[in-house]
Structures are given as structure tokens and as C-alpha cells.
Amino acid sequence: MKNTSLFFLNELNPAQRKAVETTEGPVLVLAGAGSGKTRVLTFRIAYLVKEKKVPPWEILAMTFTNKAAGEMRERVESLIGVNAGLWVGTFHSIFSKILRWESELFNYSPDFVIYDTEDQERLVKSIMNDMGVSIQQYPPKMILSFISRAKNNLISPETYSSSAKTVIEDIVSRVYPEYQNRLRSNHAFDFDDLITIPIHLFDKYPDVLKKYQSRFRYVLVDEYQDTNRAQYMLIRYLAKEHRNICVVGDDDQSIYRWRGADIRNILEFEKDFPGAQVFRLEQNYRSTQNILTAAASIVEKNKGRKEKKLWSNKEPGEKLDLLEAVDERHEAEMVVEKIREKVFKKKHTFRDFAILYRTNAQSRVLEDSLRGRRIPYVIVGSVKFYERKEIKDLLAYLKLITNPKDDLSLKRIINFPLRGIGVTTFSRIEKWAREKSLNLFDAIEKIEEIPEIPVRSRRAIDQFYKLISKYIDLKNKISLNELVHTLVDETKLLNIYKEDNSIESRRRADNIREFLAAVNEYASRNKEATLSGFLEEVSLITDVDTWDDKKNAVTLMTLHSAKGLEFPVVFITGLEEGLFPGYRSLESPDALEEERRLFYVGLTRAREKVYLSWSHRRSFFNGENSRFPSRFLEELDSNVVKITVFSPRKATGQFRGIIQHTPEEDSFSPHPSYESFSQEEPILAPGLWVMHQKYGKGRIVNVEGRGIKQKVTVEFEEGTQKKFIAQYAKFTILGENID
DNA sequence: GGCAATAGGCTTTTT
DNA sequence: GCCTATTGCC
């Protein structure tokens with residue numbers, strides 16, 4: 001040990017230590033799940049500062065979530081001392097700061113606002129309306145996803161229009177430029193801009209790029225497998241000069257391909273950065289052997305991954321339990337029962353459990369069961385706090401006050417709370433503003449000049465203008481806290497919900513109070529709290545960030561949100577074909593591989609125990625249907641899974657539809673446990689009589705395909721033939737002969 | 001312009 | 001089945 005202050009190096013294994021000590025040149029750390037990735041990152045930063053005497057402000061570390069950034073900062077600071085001036089944050093928060101400093105270069109106010117997905121959709125919608133494009137025929141969401149994809153691939157509006165081929169691309173090519181124009185005139189950025197605008201900036205101003213290149217001599221990127229093309233470009237730019245780039249990731253945990261994450265970034269790192277050193281962290285410190293075996297048996301099925309073998313010197317531990325439920329209520333009850341059991345035995349406390357699911361919609365039933373048993377729980381995600389209507393209304397006021405050019409926010413609140421400014425009046429203002437190329441706020445200042453506005457409305461608009469102006473003036477004179485509180489009082493944003501006594505209104509009032517508390521908290525945390533600083537934080541926050549892991553409660557969240565976390569006991573629910581893997585991925589091998597990685601991520605969150613569950617029936621918004629167990633259950637190494645025998649709570653209700661286990665086309669042998677099932681369940685074959693909910697009695701005349709894609713043709717008594725997808729068809733099997 | 005009734009979308013994952 | 005946005009009526 002050269003230096004006593006570097007005691008922490010002794011806590012590392014040889015591979016980790018190499019990854020920490022190789023500070024110069026490009027480094028790729030392939031860090032398997034639970035292999036001490038965060039530890040390597042934090043120690044590496046500490047090592048740079050303590051041993052290599054690198055000033056902390058020359059180190060840039062980028063993470064995926066604010067929570068990860070916060071934890072990293074905390075851990076590094078405990079090693080090297082607080083307030084060191086480190087650059088740690090998400091891509092979006094780091095570059096939004098940089099954009100604020102450089103805002104002059106692109107004629108933006110440093111107080112620009114950030115639009116979230118809902119804002120983006122509103123904007124696209126209003127553009128389409130103005131252009132006379134049918135939003136029924138072309139959902140704004142879809143148009144937006146095209147625009148977003150283009151942006152992330154760094155395709156400009158001009159380039160886009162020259163390559164547009166299909167009808168939809170043609171529409172996008174017209175909407176996209178106008179969308180960018182309006183963002184610009186509103187002094188707003190969307191999430192994609194926070195990454196792509198810096199790239200354009202660096203392209204255009206080499207000296208600006210130079211400035212940041214020399215400022216950030218060491219660049220570290222966490223969760224590298226989830227970076228997209230644009231983020232990759234940004235990293236490349238920053239690292240071009242000094243080449244001290246260290247990326248840490250695990251291709252097996254890449255689960256954001258759908259959002260543009262480009263797995264090539266990790267698979268081709270060595271090609272992109274010649275001379276890169278690669279370190280593999282393969283010792284897992286988190287999970288028991290059985291959990292690792294199970295996880296490996298899943299991810300092994302994927303092609304196109306970097307070969308690696310996770311190992312652990314932990315004991316085998318318990319096998320995974322597979323719970324089989326009649327319906328989703330039953331599934332939830334089984335999960336809750338397991339938790340009660342474990343807590344009762346005093347082996348665990350509530351915070352040791354995580355219940356994971358593929359889609360947020362699955363949380364409801366679980367919540368009901370937990371509430372029913374008085375088990376404390378916290379739910380991450382679902383209806384996001386900062387996306388609630390009442391919060392977004394209040395935010396729109398605050399956004400307009402920081403940035404009066406934000407037309408979208410103005411539009412949202414000009415008549416909320418109701419002040420008698422209707423659509424007709426508003427569209428007249430809009431039209432006039434467009435003719436004069438003014439922002440709406442500047443237009444309503446001159447409300448007297450706008451024709452055809454009734455006196456009543458004129459007065460209301462004038463009052464609204466004065467209200468906002470007053471707060472624009474106040475924002476630098478009084479504290480953030482005072483500002484927001486006074487605003488909420490004056491606009492009655494809280495009172496309108498207080499007056500009404502419905503559950504809904506009470507919830508909204510509570511949310512606004514919670515928001516006020518958040519402002520308070522922000523103000524006490526930041527000495528120089530500003531409105532735009534607060535808004536930025538709010539815009540870039542995610543629900544995992546606000547998740548309180550200290551609270552003694554069971555955690556519910558999606559598999560995606562669980563990435564990077566760990567729990568002693570993990571439940572993975574809804575393991576059914578069409579749900580997990582999701583129905584949208586069934587057709588595409590690539591998407592299926594991503595689902596498999598998602599399952600892998602879920603499994604490797606657990607330290608000691610994993611419960612898997614699936615249900616024979618599940619209701620969706622359009623009714624109820626029968627389910628097949630997920631193919632992932634078949635793929636699991638059966639030596640490490642224990643089956644909890646199917647035990648209906650009460651007398652088994654009649655199954656509608658078909659319950660049958662058919663192995664997929666490939667020749668995997670069915671999991672032994674299902675055999676008991678397949679014997680019970682009738683196999684569909686021509687000649688069988690069925691009773692359909694809607695069409696009555698009929699006879700199967702043809703069966704095509706197998707498994708979940710199976711289609712059945714049925715001839716009904718009136719002689720009509722109908723073709724069904726077996727898994728969704730609502731009929732019961734009557735048998736071969738009926739009397 | 002305001003309100004109640006109705007239609008229509010949603011259930012993949014999020015910075 | 002739930003939530004929001006739109007529509008139609010006052």
C-alpha cells in the first residue's frame with residue numbers, strides 16, 4: 001500500500017482493482033449483475049483524485065438515474081471529502097446545465113423550459129391541427145415517436161424531408177420542422193434536445209467543444225449498454241482529445257432498446273476506441289448460487305451477447321419458487337401470503353421485499369391485496385407525481401413565470417382556474433399572435449389591439465396578464481418558497497380542490513400540498529434556490545429517484561425500474577405469454593431477447609430468494625382471458641426451481657377458453673411440472689364441440705399453428721364459420737360428443 | 001362560455 | 001374499467 005489513504009483498494013478483487021487503477025486511455029468494464037460495478041466507479045473516482053491528483057471538477061461521471069448519481073456522489077464524497085466539485089449526474093441533467101451556460105449561442109433564454117412527453121404531444125397535436133392533418137388517422141404519439149427517433153439518430157428536419165417515403169413519413173417531414181420551430185420560439189427543449197443540441201453545438205463551435213474537452217479530462221459512463229446513438233456521439237466528442245473514457249455496462253442488462261438504446265455501443269466499443277482495455281467483473285457478490293444458475297439459464301438463450309460467466313462463492317441457497325394462480329387476485333394473495341409468512345417468522349421485514357411486474361397496470365390487484373392485509377407498501381412509478389393534472393397546472397404557472405415565451409404553458413392555464421376566456425377568444429389571440437409573430441404572452445399584453453374580443457374577455461385577459469407579470473417581477477425579489485405559496489393562494493389552485501369534498505379533490509389537494517413541501521425541501525437543500533433550478537430538477541426527476549428505500553415497506557415496481565437495485569426477496573409476477581414476454585415482442589426475435597434480458601435483470605435483483613408467479617386467467621381492460629405460462633419458465637434450469645402445487649382458494653371456477661400447455665415450435669421439452677396440467681386440459685382438435693359466449697354452440701373444423709399463435713376455426717349451429725386466436729377466444733370445451 | 005354526458009384511448013418499459 | 005378529451009346542449 002503506497003498511501004494509507006488508499007486503504008479502500010484492499011476491498012477490491014483483482015479485476016475490480018485493475019479497472020480502478022487503469023486510469024489512462026479507453027476502458028470498458030463489463031460488469032455482470034451484482035459484481036460491484038458501483039464500487040468500481042466510485043473507487044475509480046476516488047483513486048483519480050487521491051492517487052493521480054486529478055482535480056475533482058475535471059472528472060465527469062454520467063449515470064442513468066438521478067438516484068444512481070446521488071448515491072455515487074455520496075459514496076465518492078465519503079472517500080474524498082464533501083463538496084469536492086465533482087461532476088456527477090444524468091446525461092440529461094449535465095447537459096441541460098451546459099445548455100443553460102451556452103444558451104446565448106443559440107439565442108435561448110438561460111431559463112428555458114423542458115417539455116415532458118405530455119407537453120410534446122400537445123405541441124404536436126396543435127401543429128397537426130393547424131396543418132389540417134387528421135389526428136384520428138395519424139396519432140400524434142406516433143408522429144412524435146418518429147420525430148424522436150429521427151432526433152436521436154441526428155437526422156435534421158431538412159434531411160428527413162428529403163428521404164421521406166411513406167405517407168406517414170411525409171406527414172412527419174412536415175410536422176418535424178414546425179415542431180422544432182415552436183420549441184425554439186417557446187424557448188423550450190424536449191428530452192431529446194438535451195442530448196442532441198449539445199452535439200450540434202459542438203459541431204458548430206469547436207472552441208466550445210474544446211472548452212468542455214479540457215474541462216472533463218476523465219469521463220465515466222455508467223449503464224453504458226443503455227446509451228443511444230446520440231449519447232454515444234456526445235461521449236465520443238468529449239473523450240476525443242484525452243481519450244480517458246471509462247464505460248461500465250453489461251450487455252445482458254440492456255433493456256432500453258425500444259427507446260433507442262443501441263446495444264452496438266457496448267458490443268463495438270473496442271472497435272470505436274482502438275486500444276481499449278477490457279476488464280470483466282464476473283464475481284457476483286449479491287445472489288445465491290441457485291439464483292445465478294437460474295439467471296444464467298435464461299440469458300444464455302440469447303444470441304449476440306458477449307460471453308461471460310458469473311460466479312459466486314455464496315452457498316446454493318433456496319430454490320426459486322414457482323407459484324401458479326387461478327387468476328390475478330389469487331396470484332396477488334399468494335404473493336402477499338408469502339410475505340406475511342416470512343415476516344411472521346421474523347426472518348424478514350417489509351422492506352426486504354420487492355414485487356416486480358412487466359406493466360404498471362398489474363400493480364392494482366397487488367396493492368389491493370397488500371392493503372387488505374395491512375402490509376405497508378410503496379409503489380414506484382404508475383401515475384407519476386409530476387405528471388398529475390393538478391401538479392402540471394401549477395407547474396405551468398411556474399414555467400410561464402420563469403419563461404414567458406412558453407406558449408404551451410400559457411395555453412394550459414389561461415383559463416384555469418376558469419376565468420371566462422374560452423376557445424373562441426383564445427384562438428383569436430393565437431391567430432393574431434401568429435400574424436405578428438409574437439409569443440402569446442407578448443400578444444396578451446397588447447390585448448386592446450386584438451380585434452373581435454368581447455369586453456368581458458378583454459378584462460379577464462388583462463387580469464391574467466397582470467397576474468403573471470406580477471410574479472415575473474416578484475420572482476427575483478422574494479424567496480422561492482414565498483413565491484410559490486403566494487401564487488397558490490392567489491390563484492386558488494389549492495382552494496378549488498379544498499372546497500369540493502370528493503375523494504378525487506381531496507387527493508388533488510394533498511398532491512398540491514405535497515408539491516409545496518417539495519418546494520420547501522428544495523429550498524432548504526439549495527442555498528441559492530431559484531425557480532428555474534427547481535423546475536429543471538422537477539423536469540428531470542423520475543419516480544425511482546423519489547423512492548424512499550429507508551421506509552419499512554414492500555416495494556412495488558416494474559422490472560425496468562428495478563434495474564440497479566437489490567432486495568433480499570424478489571417476486572416476479574405475471575410470467576405469462578403475451579404479458580412477459582409482452583405480446584408486442586412475440587413476433588420479433590430481437591424484442592424477445594430484450595424481454596429475456598429484462599427477466600434476467602429481475603432475477604439478479606434478488607439476494608436470497610426469488611418467487612415467480614403466473615396466472616391461468618387475467619382480466620384486461622377488454623375483459624378476461626386465459627393465459628399460457630411464459631416460455632421463460634420453460635427456459636429456466638429446472639434443477640433450481642421448486643413448484644408450489646396449484647391450489648385454488650376455493651372450488652375451481654369454470655375456465656373459459658382453453659387451458660393447455662403446448663410447447664412452442666422449437667423442441668424444448670415441456671417443463672416437467674406442467675405435465676400434470678397438460679393431461680387435464682383438453683387439446684384442441686377438429687371435431688370438438690365448444691360453447692362460445694357470443695355465438696353459442698359450435699364445432700371445431702380446423703386448427704392451425706400451436707401455442708399462443710394457435711388459430712381455431714369453429715362452425716356454429718347456424719352454419720357460420722368463425723376463426724379465433726385460441727388464447728383469446730371466449731369459449732368452453734364441451735367435449736367430443738354432446739347429446 | 002360553462003357544464004354534463006359521452007366517446008375513445010389505454011396496458012410495455014422512461015430520461 | 002378507468003381516465004381524459006371532446007362533444008353537445010344550456
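Letters A, B, ... are given to chains in the order of the sequence lines, protein chains preceding strands, and every chain is numbered from 1. Note: hydrogens, waters and symmetry copies are ignored here, and every other heavy atom, side chains too, is used.
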Participant: Measure from OH on A:Y224 to P on B:dT15 and round the result to the nearest Å.
Facilitator: 21 Å

Participant: How long is the line joining CZ of A:F580 and P of B:dT13, in whole Å?
Facilitator: 13 Å

Participant: Verify the ring-centre separation between A:Y232 and A:Y224: is it less than 6.0 angstrom?
Facilitator: no

Participant: Please report the distance separating the P of B:dT13 from the corresponding atom of C:dT4, rounded so that it comes out in whole Å.
Facilitator: 16 Å

Participant: Does the aromatic ring of A:W258 sit over the six-membered base ring of B:dT13, closer than 5.5 Å centre to centre and tilted less than 30°?
Facilitator: yes

Participant: How would you label the contact of A:L418 with the nucleic acid (heavy atoms, under 4.0 Å): base, sugar-phosphate, or nothing?
Facilitator: sugar-phosphate

Participant: Please confirm whether any donor atom in the side chain of A:R358 sits under 3.5 Å from an acceptor in the base of B:dT13, or the reverse.
Facilitator: yes

Participant: Return the nearest nucleotide to the side chain of A:R364; candidates are C:dC3, B:dG1, B:dT13.
Facilitator: C:dC3

Participant: Of all the choices, C:dT4, B:dT14, C:dA5, which nucleotide is nearest to the side chain of A:R122 once you look at every atom?
Facilitator: C:dA5

Participant: What's the closest nucleotide to the side chain of A:S561 if the choices are B:dT15, B:dG2, B:dT14?
Facilitator: B:dT14

Participant: Regarding A:F64, tell me which of base, sugar-phosphate or nothing describes its non-hydrogen contacts under 4.0 Å with the strands shown.
Facilitator: sugar-phosphate

Participant: Just how far, in rounded Å, is P of C:dT4 from CD of A:E118?
Facilitator: 10 Å

Participant: Does the ring centre of A:F189 sit less than 6.0 Å away from the ring centre of A:F106?
Facilitator: yes

Participant: It should be established whether A:K125 places a side-chain nitrogen or oxygen under 4.0 Å from OP1 or OP2 of nucleotide C:dT6.
Facilitator: yes

Participant: On DNA chain B, check which nucleotide each of A:Q120 and A:S457 is closest to and give me the residue with the more 5' one.
Facilitator: A:S457

Participant: Measuring from the side chain of A:R259 (C-beta onward, heavy atoms only), which nucleotide among B:dT14, C:dA5, C:dT4 has the closest atom?
Facilitator: B:dT14

Participant: Using a heavy-atom cut-off of under 4.0 Å over every strand shown, decide if A:T425 touches base, sugar-phosphate, or nothing.
Facilitator: sugar-phosphate

Participant: Going by the angle between their ring planes, with limits at 30° and 60°, are A:W258 and A:H560 parallel, tilted or perpendicular?
Facilitator: perpendicular

Participant: For a quick check of understanding: with a heavy-atom distance under 4.0 Å over all strands, which category does A:G420 fall into, base, sugar-phosphate or nothing?
Facilitator: sugar-phosphate

Participant: Between A:R100 and A:F112, is NZ or CZ placed under 6.0 angstrom from the six-membered ring centre and within 45° of the ring axis?
Facilitator: yes

Participant: For A:I541 and for A:T424, locate the closest nucleotide of DNA chain B by heavy-atom distance; then report the residue assigned to the nucleotide nearer the 5' terminus.
Facilitator: A:T424

Participant: Counting side-chain heavy atoms from CB outward, which of B:dT15, B:dG2, B:dT13 is closest to A:F191?
Facilitator: B:dT15

Participant: Distance-only, no hydrogens or angles: does the A:Q362 side chain make a donor-acceptor pair with backbone N or O of A:T359 under 3.5 Å?
Facilitator: yes

Participant: Would you indicate which nucleotide in B:dT14, B:dT11, C:dT4 comes nearest to any side-chain atom of A:N360?
Facilitator: B:dT14

Participant: Mind checking A:Y256 for me? I need base, sugar-phosphate or nothing, with any heavy atom below 4.0 Å counting as a touch.
Facilitator: sugar-phosphate

Participant: Within the 4.0 Å heavy-atom criterion, would you say A:D116 contacts the bases, only the backbone, or no part of the nucleic acid?
Facilitator: nothing

